[in-house]
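In what follows, every heavy atom counts, from backbone to side chain, and hydrogens, waters and symmetry copies are set aside.
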Amino acid sequence: PEWSFPVPLYQFWVFALHKVPGPDQTLCLMGRSNVRYQILGRRGRYGTGREGAPVPDGTPFPSSLYENRCFLPRAYVAARAIYSPNPDETMARLADPGFNARNTVMLESKEGMEPFASAYSSVPAGKVATFRRSPNSVTLQVNLSRPGYVVLLDRFDPNWHAAVDGHEVPILRANHLFRAVRAEAGVHTVRFYYRQRWLAAGLAVSLGALALSGILFLLDLQVAVVEQRSEGEADRERSRRVQEGGPVEAAVTAPGGRQ
């Protein structure tokens, strides 16, 4: 079927609204999707939320602003990856306050997984030093003490690509919704950029069609010039014969006569 709303986002909101067991898990799920502050209509004590200030809403019972204790930054480095192809299981882990989401990324494919230093999985593998965004790209400067995964909490889309130090690398679907790339130890520049997969092929077809149209136009123009020259030479030949008094092939037939 055709979906106007991306399927992974639909699955996320169905899980968040109907399958999460409690408010603490909902807060944690949102925090691990890069939501740092939330306004809740019901005041309460939440293990995953720190109450900030009341938010007047025109009623006798104001809402409250909470800081999410499960908050993950927009970009970070995870030390290890686990295979998690089922969307509900992935989001259930994200919603679990006890899950170490800061240092573990969940991948939907085993192709991007490597046995990176599992003994050190609880220790950060590195950090994101700088974050720069433009309309069609995101550039990160990262420093890894050992191999790991650079995670960007922007929605996954097959038209996004990635390069590490200028070399294109595969983008991994991370935590069901987001993007990640694998990187070795060291200082790297990681760039995510948007480029439609079929844009180059479409451009090549368009340029080919344009070139073919140009060739056909030139051929047609050349044929027209040749025909015009032939007609001009024929006219000059008839004129010459008329002047010399010779027979003319295209003579006008007199009434009742023959050509």
query: Does the side chain of Gln38 pick up a donor-acceptor pair with the side chain of Asn68 at under 3.5 Å?
result: yes
With clusters defined by side-chain heavy atoms of hydrophobic residues (ILVMFWY) lying less than 4.5 Å apart, directly or transitively, does Met30 cluster with Leu40? no
### Query
Under 3.5 Å, is there a donor-acceptor pair between the Arg93 and Ser84 side chains?
yes
In this structure, CD of Gln25 is separated from CZ of Phe99 (nearest 0.5 Å) by 14.5 Å
_Could you check whether any side-chain heavy atom of Phe156 comes within less than 4.5 Å of a side-chain heavy atom of Pro158, counting everything from C-beta outward?_
yes
Nearest heavy-atom approach of Tyr149 to Leu107 is CE2-CD1, 4.1 Å
hydrophobic_cluster_shared for Leu177 and Leu27, side chain cutoff 4.5 Å: no
Decide yes or no for Arg173 and Pro8: does some side-chain heavy atom of the first lie under 4.5 Å from some side-chain heavy atom of the second? yes
Discussion item. Looking at Thr139 and Arg191, would you say the former's side chain and the latter's main chain have a donor-acceptor pair under 3.5 Å?
Written reply: no
By ring pair (Phe, Tyr, Trp, His ring centres under 6.0 Å), Tyr194 pairs with (sequence neighbours left out) Trp160
Rounded to the nearest 0.5 Å, the CD1 atom of Ile39 sits from the OG atom of Ser64 at a distance of 9.5 Å
| said: Is there a side-chain contact between Val142 and Val187 in this structure, where contact means two heavy atoms from C-beta onward sitting under 4.5 Å apart? | reply: no
Practice prompt. Say whether, by atom type as modelled, one donor and one acceptor occur between the side chain of Asn86 and the main chain of Glu89 under 3.5 angstrom.
Written response: yes
Original post:
Any sub-3.5 Å donor-acceptor pair from Thr26's side-chain atoms to Gly22's backbone N or O?
Top reply: yes
So do Tyr193 and Glu168 actually touch side chain to side chain, heavy atoms under 4.5 Å?
-> yes
Rounding to 0.5 Å, atoms CZ (Arg155) and CZ (Phe178) come to a distance of 10.5 Å
*Hey, does the side chain of Thr48 reach the backbone of Asp24 with a donor-acceptor pair shorter than 3.5 angstrom?*
yes
_Note: Arg182-Glu111 ion pair, threshold 4.0 Å (strictly below)_ = no
Student check: side-chain heavy atoms of Leu29 and Val20 closer than 4.5 Å: yes
When rounded to the nearest 0.5 Å, the distance separating OG1 of Thr90 from CZ of Phe15 is 9.5 Å
The complete set of salt bridge (Lys or Arg N to Asp or Glu O under 4.0 Å) pairs with one or both residues in residues 50-77, sequence neighbours excluded, reads Arg36-Glu67, Arg43-Glu51, Arg50-Glu67, Arg74-Asp154
With ring centroids as reference points, do Tyr46 and Tyr66 lie under 6.0 angstrom apart? yes
Distance col, row Ser137:OG vs Arg132:CZ, nearest 0.5 angstrom, shows 7.5 Å
d(Leu72 CG, Leu153 CG) to nearest 0.5 Å is 6.0 Å
Sub-4.5 Å side-chain heavy-atom contact between Val14 and Lys19 = yes
Ring pair (Phe, Tyr, Trp, His ring centres under 6.0 Å) filter on Phe71, not counting sequence neighbours, yields none
TODO: May I ask you to test the Tyr83-Met113 pair for a side-chain heavy-atom distance under 4.5 Å?
DONE: yes
Keeping His167 on the side-chain end and Ala163 on the backbone end, is there a donor-acceptor pair under 3.5 Å? no
Non-hydrogen side-chain atoms of His176 and Met106 separated by less than 4.5 Å
no
- [ ] Classify the side-chain pair Thr189/Gln141 by whether it contains a donor and acceptor separated by less than 3.5 Å.
- [x] yes
Short side-chain to backbone donor-acceptor contact, Arg32 and Met91, under 3.5 Å = no
